[in-house]
Each structure stands twice: as structure tokens, then as C-alpha cells.
Amino acid sequence: MEYNFLRIEEKWQKSWMQNRVYKTEIDPDKPKFYVLDMFPYPSGAGLHVGHPLGYIASDIYSRYKRLKGFNVLHPMGYDAFGLPAEQYAIETGQHPEVTTEKNIERYREQLDKLGFCFDWDREVKTCSPEYYKWTQWAFIQMFQSYYCRDAQQSRPIAELIQVFETEGNQRLNIACTEEIRFTATEWKSKSEKEQQEILMNYRIAYLADTMVNWCPQLGTVLANDEVVNGLSVRGGYPVEQRKMRQWSLRVSAYAQRLLDGLETIEWSESLKETQKNWIGRSEGAEIRFQLAGELCNNDLDSHFMTVFTTRADTIFGVTFMVLAPESNYVAQVVTPDCKAEVDAYIASTKRRTERERIADRKVSGVFSGGYAINPFSGEKVPVWISDYVLAGYGTGAIMAVPAHDSRDYLFAKHFDLPIIPLIEGCDISKESFDAKEGIMCNSGFLNGLTVPEAIQKAKEYVRNNNLGEIKVNYRLRDAIFSRQRYWGEPFPIYYRDGMPYTVALEDLPIELPEVDKFLPTETGEPPLGRAKNWFYDSENKKYPLELNTMPGFAGSSAYYLRYMDPHNSESLVSSEANQYWRNVDLYIGGTEHATGHLIYSRFWNKFLYDLGVIAEDEPFKKLVNQGMIQGRSNFVYRINGTNTFVSLGLKDEYDTTELHVDVNIVNNDILDLKRFKAWKPEYETAEFILEDGEYRCGYGVEKMSKSLYNVVNPDDIVVTYGADTLRLYEMFLGPLEQSKPWDTKGIDGVHRFLRKFWRLFHNDEHEFYVSDDAPLQSELKILHKTIKKVQSDIESFSFNTSVSAFMICVNELGALKCNKRQILQPLTIIISPFAPHIGEELWRLLGNKTSIVDASFPEYDDNLLVENLIEYPVSFNGKTRFTVQIAIDASEETIKQTVFDNPQTQKFMNGKEAKKIIIVKGKIVNIVI
RNA sequence: GCGGAUAUGGCGUAAUUGGUAGCCGCGCCAGAUUUAGGAUCUGGUGCCGAAAGGCGUGAGGGUUCGAGUCCCCCUAUCCGCACCA
């Protein structure tokens, strides 16, 4: 029988499916191992060869772990809510559920052809009510919780209410939107609505006013990338910055724990670094500046403004203050004669998004008319307003030290404000001196100290003199959690007296209602405003339900927990299942989720951990980022004004236009002329100028995309080469974590290897034939060398080198014409994670009755690999000249003797004396002359 | 600007972690077989050189008996973050 991969692959895929070979259950007698892929968003375009890269790697690892005796959980599902399906629905009127289901079916079909060992009984879809019930459930828990800074964890909000009733909030240290203080008496005197508003300040899931891009004509909030030059990309309508009441998650409360947790998990340094950056911890101080009295209004409480700084040491160099345009201090500081100018400036900044302000760094600003007093020096400094200060970070106000901050420096130069250097010998004629080094001067009691000493001393001074407090700030902001969209999870929230309340747990899930159109209502409400009967029944009254839906990351934040117990209708995950599976041991996915999904699910997980419903504080123990597979585009060159195409090597002789050509009608950069003519009608009459009788195409590396005609479909590869070849080839392409272009060149080599492997089991008449003779030492050595190499390669995710190891092994066994069962059987096992179909086929041909999946990974014997004689390279002055064979256990004296007895040594010594002889046992001999 | 990563034949890559650089595959060359090959098999293939030999891991310097690997300093490319005070 020839290697008929199509027949083999179809046969085993069917068999695995029918026999539920990959079904996983809790088994207390076996150690567990949880391997997870980032589940895909099922787009209409289907899979291209880049998508399965990570899935193949995780599949190999899962199969390997299973052979090693682990009980492996390896599930798959779909991140099915999202924008593309909704956009498509708006354009075509087709329900997003219909297109999503269709896409899922197509994905499943493609995945099934690749021979993955997913346990499909555990499949989840984020858009199914049974699944999003638990997304809604988690939201309710967040609504009913607050974050206690002292305990460093989330706790039930009922606890908080109790404390409010007995002692107010004076003593509490809680994460909140705004600092407010009240006594128990004050609390009790408030109406229910007022109390609810206060609680909102503390909830983990809370409703608050947030700045957003609002487009009145479209009646929706837009993401930053949907706005260019203040106009919406769709329609070109003006967009403004507006404060809107939106749901948010208090992710910022977890900033420190998210940072600390990174130390406990095995992620790549770069990914951890990205998250650290994103969390952006900075240590500094909040310092109060008194506003200069005569210019303030008469409200005594507003006589201070607080700034955040990491450079308290530079306070003697403050020559002005700057407020963000949106800062609440603006109203207090601005003087009547400056008001008109300030208002105009604020209006002009409002028209620009934060992103545009960042992109266009022209210095702009306006003097407020007000002054503040430096608490260290007593000096009076002007207060300015500028959009280089962000309202969302720190206090939205800064003390400007132009000598030592480049942004302040530019501002001071532009508006001609004074600049006072504070570090001995620094040159600030051209630019500011931002480095935290040198000796302080012009700084009163800080003079003579180094910068780090001065920072410390200044911070202590602030604290001891009650000028402010030492403070840690984080860049991480709370996640805005509502979207004015249809295709997402509905909130389990209804409104009574204008305040949100959670629906009863037994009423979950709140199912997504039908609507006539997937557009905002005429009055500007989200699409759910179109739903009939969108009310919640409570105590025989109807209350309106929330009209927003949840964002994309809601459904993907806890899906790994749901896989542990996907059909549980009583809880997100049973404690039995969670105690067993705990968390993900290996997570494989792209790096693009570094600051999205991977932050949110860590937050979500920590929250559930605080709640006591799960066992582990971190969701993903080890994470491997697979690289992107880029497209490799092919080009043809049309001579301008003709329908004649010229081959790559001759194109410079003509005036040509470069055109993309479908890579599927090009083989090894040679164009298939017949298929090219058939590709597009305008090419039917195409003529060609060839070189050596062929048309050579140009190539380039680009994103894999339909419009660039460089998409390679895995189905096509599977038909021509088989899934096993595709799997091996994707791994062989290079290190898993590296990005690389897809190049079908070279796939033949891998396919050839599988055929050679197949041939080891067959005689010249293509009949299955293996010998039962005892293996030779040399054959055993080849086998054990390969087992050892492949095992260590899989464990270090060097799948590319394990494929090489297989090739070497098969080449060597082929040269020995070795067809011995005792060699081939273990070899089949170790190759099966990579090429499961051919593995299973040969395994059964070898006479095994149960699936190869249930075999054990063979142990290797190190003793077999040890040589009696070692090749010692002999070097002179570090330059290796020849090798000698010496017994492994030879003494240094014997090694020296053997080397010097060798006639070649005499030649290279050329009569000279050896100055020094270095012998590294088992490695090398170096003679210095 | 800050941070991270990478740099090795014509190409994708490998190197027991400081010990003979270039494994494996593609491509190329030669040969065998074949009516034919975009099939199969065998051998060769870093560069210069007829050879002996010399040179060679982005550039330059250093440590070492010995450096692709460690240190310093450039350069280029890719990826994050980016007015975060």
C-alpha cells in the first residue's frame, strides 16, 4: 500500500469522532494538565494557514502530555459575540446569530480536518444563553462587591452598608471613583436613591460619567479608531468629546495585584513587560498648592489644588502650574478677565480626541489668570491650562519644572516662562535635563543631595509637614464596559427610580431580545431600545432593562473556567471540577491580547478568587505566544498599456506595473500560465515574455489578506499533502514564537519525509512488513537518541528541531534498512503527537488494538547513548586541526600521551614546545605553542 | 522618546548553553533510473583558492587557551507603550 494520506486521515478522524477518543473526565488517579488555545472569533473569511499554528503546537503538547500519563484537558470553543457579525447584520438585515452559526460550522469543518484532539463535548460559545448566563452572573457579583484596600480583596457590598450604618466611612480604605466622607448619621439621613448613588462610588461594576467619543448623527459612541480629524469614518459626521454615563469595571483596584501576580507566572519577558507598562506603577507624592488668596473666589475649601509628581525633589524649580482643560480646578482658578480666552481654548481642545492631541504635539495653552503658592519656597507661580496635561491621570494638574521635564521645557520656551536649573552643572540651554542623577542646587534644604536622596527627603518633608501625602499612582484605568450595540451580552440590570438594580439570580440568563433593526432608535438609544417587552418583572411591576450590551472581552474573560464544567446549570464551575483542573497549565495564543483579554481575564479571575468560587489566583500559569504567519505575496509585471506580462528577471527592460497575483496559481514563484489566463477575464488574452521558458514572479512579505491574493487555505494543503504534512510543516517553519512568512516552498521536503517514514514499514512491493528480529546496538542508539532529543524539544517548545530530529532518525534507519518492530513501534509513538493520522495507522498495522493516544511515551536509556571512545578535537592556539579517538574514561595523562603520540601533533608543533595544555574531559584538547 | 526582541550560507533555520559554526529542509550542481517529469534514488554544496591554505555568525573593541554564545560600544530591522508628570 502506498502512503495514501487522504484515506488514512479520513478514516481516523471519523473513528476518533465516533469513539469519542478525546473525551476527558475528572480522574483523581492521574495528574491533570490543562492546555488551552485562545478561542477564535469565527469570522466569515474562515481559517487561513496562519490560524492553526498555535493550535497545532498546543495539540502536539496535549498529545505528548497524554502519552506521558497526564489527564489532559484540551477544549475549544468560539468567541462569538462581536462587531463584524453585527456590521454584516446592519448591511444585510441577516440576524448575527445566523451568520455566526454559519461561520462556526465552517470553522469546525476546517478544524476537524487537521486532526486535533479537542474534547468537543466541552465546546462553549459566548453567545449562547447557557454560557452568557455566567457572564451576567459574574457581573452581578461585581455589582454587589467593593474592593477593600486593607484586606487587598473584593468583599460583599452588604458588609459596607453595615459599616456605613454604624460608623460612616471615616475609617475605611476602599477603592472608589471619588473620595467622599460621611458619618453614620449622615448616611442614615439619606434617601434610598442617594444611598444607591453613594454605593455606586464603591462597586466593582459601577455606573459613572466617563469621557467618550460621541457622534450625535449616528447616535452612538465611537472607538478612537473610528474617528479621524473629529469626523466619523462612517458618514463623516462631527464627533465630540462628551461625558456619558457608562458602566465600568474597577480594574484599577487590582493594579498592584495584577503587577505582583506577574512574578508568579511563566510568561515571556516581553509580554510581562507590556503588562507592567500598561499597569504603569509610579511612586511619587501628591502635593497641595494653596491658591493665591486675593484671586480666588470666596469658597474656602477650594483654596488648594493637588498635583501628583514623581519628582518631589524638583519642587524648588516650579515656575508655573498646568491644569488639564477638563480639570475641576479650572473653574476655581480662572479670573473674570481671562475667562473668555480660557473658555475658547477649552472649546477648541474639546473638538479633538485624546488620540489627536497626542498625535499633534504642537504646544498650546492659555493663562488662567490665577496663581498658586509653592509650599516649599512660598513663591507665587502662575497657573496655566494646556492639553498636554491629561485629566485622566494623577489629579489632572501638575507642577511644572521646565528645567527637568522636557514637556514643561517646551511649554516654558513657547510661552517664555522662567526656567530654573536645580542640578549642579546641567546644561539646559537646548533641552531639559530629565535624568534622575546629579547633585541638587538652588533647592534650599535639598542642596548637596543626590537626586534619589532628594526625592526621598522631599517626600518625607511633604508628609511630615502635612503638605500632601506619599502616593503610588497607576496608569491602568477602569474598563468601560458598555457598548451601544446589539450583538453582545445584555446586562442583568433594570432601573427603578433611575437607579440600576440587579435582576434576581434565578431569572438569569436575561436573553438577548429580538429587534426589527440592528440600529439605534430614532431617539438615539441603543438597538435594544427597539425590543418589545424589554422589561423586568419584579413584585408585579415592570421595570425597564438596561439598553447597553457588554463589550467583546466580557465573554472571553472566564471561558477557561467554563470549560472545566461546561454543562453545569447550577454554577459557573463546580468546586469539584475547579479543585481538580484548577487553572490553565499552558496557554497558547497571540501577543495582540497583551493589554486586553490577558489583563481582563486576570482581573476577572482574581475577582472570582476573592469571592471564593475558584482555587487559583492566576488563570494562566504558562503562556506561549505563537508568532504571526505573514503572507508571501506574488507579483506579475504588466508592460504598461499592453496585456503582456514580463518575467521577473526581464522586467527592468520595460516600463511595467507590479500586480498581485493569486499565490495559489504560482508554484515556487513560477506562474501557471494556463490558470493565470483563467483567473480573471481580462487576462484571457494575456501574453508573456518568459525567461528559460518560464514566467518567474516577484514576491514580498505582507499581511495575509484576501485583497492581496496571498491567502493560503489549509484545506487546499490538506488535499494535496495531507494534514500530517501540514502539521509537521507549520512546526518545521521555524521557532514557534517567531513571526514568519508562509512559503509553500519546502513543504515537499516534509511530505517526502513522511513517505520515507511510511516506507520503513513496507517492503519494495508496498506491502506492510516489519521484522521481529532483535535490534542492533546501532539501531537502538538511533532510536534512543531521537527519543531523548524529541522529548526535550517538546518540553521546551522547540517543535521545529524535533521535526529535524525525526528526519535524521528516519534517514539513518533508512540507510540501515532497519524495519524492526522494536525500533519502529516506539518511533511511531513519539511521532504521533506531530502526525497523529499516520501514527495511528501504523500503530494499528503493527497489531495494536487500542488507539495510539493511550500508549505511553517511551523512556530512553542514556547508557545506550554513551560512547566508549570519544572524538577529541585537538586545537593549537585555539584552532582545531584534527581529532583523535580516546577512551571515555582515560586519565588526563593518557589523553596527553595519545595526543602527543599522534604524528599530526608533531607536524603542527613544528618543533616548538607546548606552553600550556588545556584538557577539558570529554570535550577538547587545546595546545598553546 | 521609553521599553523589549532580533541579526548566522542563495533561502527557512541548527549549534550539547564558552569547546570542530552551518545539523535538518528548500534551492542549486552532478550522477543513476525513467518514453517523459514539477517523479524517485545517490552524491556534492559557507566564501576565496588549481591546491596548500586563508577568511567567515550585522560593524568595531574587550575578556579567555578557546566567543555565534560573556562584557563594552555602535548599526539595522521588527514589536510594544507613548505628552502618565
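In what follows, every chain begins at residue 1, and chains take the letters A, B, ... in the order their sequences are listed. The structure displayed is predicted, hence computed values, not measured ones.
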Measure from CG on A:N277 to P on B:A5 and round the result to the nearest Å.
13 Å
Mind calculating the distance between CD (A:Q630) and C1' (B:U6) to the nearest angstrom?
14 Å
N-O pairing of A:E812 and A:K785 below 4.0 Å:
yes
Please tell me which of the listed nucleotides, B:U40, B:U20, B:A85, lies nearest to the side chain of A:I398?
B:A85
Glycosidic conformation of B:U17, syn or anti, with 90° from 0 as the boundary?
syn
Kindly point out which of B:U20, B:G19, B:G4 is positioned nearest to the side chain of A:I918?
B:G19
Pair partner, B:C74 [Watson-Crick or wobble, under 3.5 Å]
B:G58
Between A:N800 and B:C24, is there a side-chain N or O to OP1/OP2 distance below 4.0 Å?
no
Would you please confirm or rule out a distance under 4.0 Å between OP1 or OP2 of B:G12 and any side-chain N or O of A:R632?
no
Choosing from B:G3, B:G12, B:A85, which nucleotide comes nearest the side chain of A:F732?
B:G12
Do the side chain of A:N926 and the base of B:C65 come within less than 3.5 angstrom through a donor-acceptor pair of N or O atoms?
yes
Among B:A85, B:C65, B:G80, the one nearest A:K916 by side-chain distance:
B:C65
Mind checking whether A:W384 and A:F411 have parallel, tilted or perpendicular rings, split at 30° and 60°?
perpendicular
Nearest listed nucleotide, side chain of A:V928, among B:A85, B:C65, B:U20
B:C65
A:F316-A:F376 aromatic ring centre distance below 6.0 Å:
yes
Hunt down the Watson-Crick or G-U wobble partner of B:G10, both distances under 3.5 Å, from any strand shown, or write none.
B:C26
Carboxylate-amine/guanidinium proximity below 4.0 Å for A:R311 and A:D313:
yes
Taking only side-chain nitrogens and oxygens of A:R475, does any of them come within less than 4.0 Å of OP1 or OP2 of B:C81?
no
Closest-nucleotide 5' rank along RNA chain B - winner of A:T274 and A:S282:
A:T274
Pairwise C1' distance, B:C47 and B:U57 [rounded to whole Å]
13 Å
Looking at B:U63, which nucleotide sits across from it as a Watson-Crick or G-U wobble partner, both distances under 3.5 angstrom, or is there none?
none
What is the distance from NE2 of A:H751 to C1' of B:G38, rounded to the nearest Å?
14 Å
Please work out whether B:G9 sits syn or anti, treating a glycosidic angle within 90° of 0 as syn.
syn
Hey, would you say the A:W742 and A:Y729 ring centroids sit under 6.0 Å apart?
yes
With a 4.0 Å limit, can you tell me whether A:R752 has a side-chain N or O closer than that to the phosphate oxygens OP1/OP2 of B:U40?
yes
In the structure shown, which nucleotide is the Watson-Crick or G-U wobble counterpart of B:G80, with both distances under 3.5 Å?
B:C2
To the nearest Å, how far apart are A:F753 CZ and B:G25 C1'?
12 Å
Base, sugar-phosphate alone, or nothing: which one does A:R281 contact when heavy atoms must sit under 4.0 Å apart?
nothing
Measure CG/A:N811 against P/B:U40 and give the value in whole Å, please.
14 Å
The nucleotide from B:C26, B:G12, B:A85 with an atom nearest the side chain of A:L390 is B:A85
Counting only side-chain heavy atoms from C-beta out, which of B:C65, B:U20, B:A39 sits nearest to A:T883?
B:U20
Rounded to whole Å, please give me the gap between OH in A:Y409 and C1' in B:A85.
18 Å
Starting at the 5' end of RNA chain B and moving along, which residue's nearest nucleotide shows up first, A:M807 or A:S875?
A:S875
Nearest to the A:T880 side chain among B:U20, B:G25, B:A85, which nucleotide is it?
B:U20
Is A:Y388 near enough to B:A85 that one of its side-chain N or O atoms lies under 4.0 angstrom from OP1 or OP2?
no
Specify the separation, in whole Å, of atom NZ of A:K879 and atom C1' of B:G54.
9 Å
Considering only atom P, compute the distance from B:U77 to B:C26 and round it to an integer number of Å.
33 Å
Separation between the C1' atoms of B:U45 and B:U35, rounded to whole Å
31 Å
Can you identify which nucleotide, out of B:G25, B:C81, B:G4, has its nearest atom closest to the A:W278 side chain?
B:C81
Distance between the C1' atoms of B:U17 and B:U69, in whole angstroms?
7 Å
How long is the line joining CZ of A:F806 and P of B:C24, in whole Å?
16 Å
Does one side chain, of A:E871 or A:Q885, offer a donor that lies under 3.5 Å from an acceptor on the other?
yes
For B:G53, give its Watson-Crick or G-U wobble partner with both distances under 3.5 Å, or none.
B:C48
Same-atom distance (P) from B:A59 to B:A7, integer angstrom
13 Å
Considering only the P atoms, how many Å lie between B:G12 and B:A32, rounded to the nearest integer?
34 Å
Contact class for A:P741 (heavy atom, under 4.0 Å): base, sugar-phosphate, or nothing?
nothing
Looking only at atom C1', what distance separates B:G68 and B:A15, rounded to whole Å?
9 Å
Testing A:D743, A:V663, A:I629 for side chain to side chain contact (heavy atoms under 4.5 Å, CB included) with A:V712, which one passes?
A:V663
With rounding to whole Å, what would you report as the distance between B:A14 and B:G61 at their C1' atoms?
28 Å
Given that both distances must come in under 3.5 Å, which nucleotide forms a Watson-Crick or G-U wobble pair with B:C41?
B:G31
Is the phosphate of B:G3 approached by A:S270 (side-chain N or O, under 4.0 Å from OP1 or OP2)?
no
With a 6.0 Å cut-off on the ring centroids, do A:F289 and A:F304 count as close?
no
Do the ring centers of A:F799 and A:F732 come within less than 6.0 Å of each other?
no
Side chain of A:I808 - closest among B:C83, B:C24, B:A85
B:C24
